There are 2 protein chains.
Amino acid sequence: MADAITPHSALAHEVLAAVLQVREGSLRVLLWERAREPHAHRWSLPGGRLGADEDVESSILRQLAEKVDVRQVSHVEQLAVFSAPDRVPGPRVLATAFLCLVPSHLDPELPPDTAWHAIDALPRTAFDHGAIVLRARNRLRAKMSYTNIGFALAPPEFTISALRELYSAALGYRVSATNLQRVLARRGLLEPTGHTTKPGRSGGRPAAQFRFAETAMVVTDPFAVLRPPSTGRTG
Amino acid sequence: MADAITPHSALAHEVLAAVLQVREGSLRVLLWERAREPHAHRWSLPGGRLGADEDVESSILRQLAEKVDVRQVSHVEQLAVFSAPDRVPGPRVLATAFLCLVPSHLDPELPPDTAWHAIDALPRTAFDHGAIVLRARNRLRAKMSYTNIGFALAPPEFTISALRELYSAALGYRVSATNLQRVLARRGLLEPTGHTTKPGRSGGRPAAQFRFAETAMVVTDPFAVLRPPSTGRTG
DNA sequence: TCAAAAGTGTTTCCACTACACCCATGA
DNA sequence: TCATGGGTGTAGTGGAAACACTTTTGA
């Protein structure tokens, strides 16, 4: 059974980032257009080879800073290893993929061959990068429900309706501003800053500004069900 | 900034499995005692080098089958890549770690240097394997709440109280049999088999047997909160 | 005074917990 | 008939959704 298996003593390893941001009501990802074959003119995720003295997380942060000038990443987490032997043509390369988030108010300066693309309308992607983007989107959507990860997409200060747009774009369905406010407030995630915004020309009550109380990801709903007993024993 | 980074053209990659099982009320993991340095006599996770023509998941399943005769793994999922440059002494090796589950009724034949250990009382572990085991346990506990992953720990047929023991061991706190039954029933995860067990010598009502309706992992509670609107629009 | 946008009060619903109670068996 | 373990009925609680209503502004 094992006779056909020849262990690789060594093989290449790259790191890839699905950098997500919300802008103008849609969730978008940072892609880079390949100039050369293979897969010339297809769009691929930023990243590159793992360095000798860095772990995968340091590596992806370094490469983002170097290659696409994204230094203000507000959240980074590993997605998975992509390891199909034929995932890229030529010598085998494993990839560790990351989900990275950038707050919606930032506009990092991008190299000319790099651009944001709406996740709902991806261009032709290279290799397995399309699948990685979908994994990233799904991970983000899941975590929007049971963590405070929204902080990583939001600007430092925001109104509830701005936050509603942001959550709606990330989740892919319309969120109620009323209920969003209460859900986050119940969990103690929101702090009023005391500031308000001027209403638009059409009038309306000025909106209060808020900030997120935490600036690191925290699981806010560890037990959807099967909570530990509050007191005494059960059953 | 990048001048100090010398990309590895190639480096070694291993796969490691945290194989978990519930037995006698405790969650345990399969470990293998290292005979040789480095870290001789410490306990390590089963696994080995990635083969040339396999992806990481095929690799871990192959290695489990070959090395520790665990062929009846009911669930496999990637945990993470462990990539600290000094995670093992000597030439650098990246590791992709897996969570694997074995149903509680199975007793795979083990090589002499391999044994189960309660996760709450781990022996001295090698390299970063202790951290990997904890990650596996945490992942399992989280998924017990919002997926049907219990199916992978349970025998094909079980009573509710047996299932209660199993969930309690996996979660680390006492679960109510009454509520466990209802939570799983509400989600349509349980099917009565029609069989009953004989009561013990001390009497008692015979217990009905159940099975899990699904034998693959399914997310049963995608939205702890912020559910999509059932009908009409919101806000 | 009206329209628009923000924010609050309140109702309804439902899932989960907790616990009392009933059921079926062995001795 | 009693002890024992299995199983069900049901009240209470709390979080979330939905929606009506109030507040605050510009025109």
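Values reported hereafter were calculated over all heavy atoms of this structure, with side chains retained and with hydrogens, waters and symmetry mates removed. Residue numbering restarts at 1 for every chain, and letters A, B, ... go by the order of the sequence lines. Please read all numbers here as calculations on a predicted model, not as lab measurements.
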Got a list of side-chain donor-acceptor pairs under 3.5 Å for residues 183-194 of chain B, not counting sequence neighbours?
residue  : atom : partner  : partner atom : Å
B:Arg187 : NE   : B:Asp221 : OD1          : 2.9
B:Arg187 : NH1  : B:Val183 : O            : 3.1
B:Arg187 : NH2  : B:Asp221 : OD1          : 3.0
B:Arg187 : NH2  : B:Asp221 : OD2          : 3.0
B:Glu191 : OE1  : B:Arg211 : NH1          : 2.9
B:Thr193 : OG1  : B:Glu157 : OE2          : 2.9
B:Thr193 : OG1  : B:His195 : N            : 3.2
B:Thr193 : OG1  : B:Gln209 : O            : 3.3

Please report, to 0.1 Å, the donor-acceptor pairs under 3.5 Å made by any side chain of residues 126-133 of chain B, with sequence neighbours excluded.
residue  : atom : partner : partner atom : Å
B:Asp128 : OD1  : B:Arg87 : NH2          : 3.1
B:Asp128 : OD2  : B:Arg87 : NE           : 2.7
B:His129 : ND1  : B:Leu45 : N            : 2.9

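By the 4.5 Å heavy-atom criterion applied to side chains, A:Leu163 and A:Val175 are not counted as neighbours. With contacts defined as side-chain heavy-atom distances shorter than 4.5 Å, the pair B:Tyr167/B:Leu153 does not qualify. In this structure, B:Pro111 and B:Val68 have side chains that are in contact, with non-hydrogen atoms separated by less than 4.5 Å. In this structure, B:Leu61 and B:Phe98 have side chains that are not in contact, with every pair of non-hydrogen atoms separated by 4.5 Å or more.
For the OP1/OP2 pair of D:dA27 and a distance below 4.0 Å, the side-chain nitrogens and oxygens of A:Arg201 include no atom meeting the criterion. Of the side-chain N and O atoms in A:Ser176, none sit less than 4.0 angstrom from OP1 or OP2 of D:dA17. For B:Arg187, a side-chain nitrogen or oxygen approaches OP1 or OP2 of C:dC16 to under 4.0 Å.
Both A:Ile160 and A:Ser202 sit near DNA chain C, but only A:Ser202 has its closest nucleotide nearer the 5' end. Heavy-atom nearest nucleotides on DNA chain D were determined for A:Asp221 and for B:Gly204, and the one closer to the 5' end corresponds to B:Gly204.
As rounded to whole Å, 12 Å separates atom P of C:dT8 from atom CG of A:Leu190. To the nearest angstrom, P of C:dT17 lies 13 Å from CD of B:Gln181. Atom CZ in B:Phe223 sits roughly 17 Å away from atom C1' in C:dA15 (whole-Å rounding). For the pair B:Tyr173 OH and C:dA18 P, the computed distance is 11 Å after rounding to whole Å. The CZ atom of A:Arg164 sits 13 Å away from the P atom of D:dA17 (whole-angstrom rounding). The nearest whole Å value for the distance from the CG atom in B:Leu184 to the P atom in C:dA15 is 14 Å. Counting to the nearest Å, the C1' atom of C:dC13 and the CG atom of A:Asn179 are 13 Å from each other. Between the P atom of C:dA18 and the CG atom of B:Leu180 lies a distance of 13 Å, rounded to the nearest Å.
Of the possible polar contacts, none joining the A:Asp55 side chain to the B:Phe82 backbone as a donor-acceptor pair under 3.5 Å is found.
Closest approach to the B:Pro199 side chain among C:dT25, D:dA17, D:dT25 is made by C:dT25 (side chain taken as heavy atoms from C-beta onward).
At a threshold of 4.0 angstrom between heavy atoms, the contacts of B:Thr159 with the nucleic acid are absent.
The side-chain hydrogen bond (donor to acceptor under 3.5 Å, both in side chains) check on A:Asp107 picks up A:Arg23, with sequence neighbours excluded. In terms of the ring pair (Phe, Tyr, Trp, His ring centres under 6.0 Å) criterion, residue partners of A:Phe158 (sequence neighbours excluded) are, by chain and number, A:Phe212.
Within residues 141-152 of chain A, no residue approaches DNA chain C, by heavy-atom distance under 4.0 Å. Of the residues in residues 205-213 of chain A, A:Arg205, A:Pro206, A:Ala207, A:Ala208 come within less than 4.0 Å of DNA chain C through at least one heavy atom, sorted by number.
Scanning atom types as modelled, one donor and one acceptor separated by under 3.5 angstrom connect the side chain of B:Arg182 and the base of D:dG9.
Classification of A:Glu165 and A:Arg174 as a salt-bridged pair holds, one side-chain N sitting under 4.0 Å from a carboxylate O.
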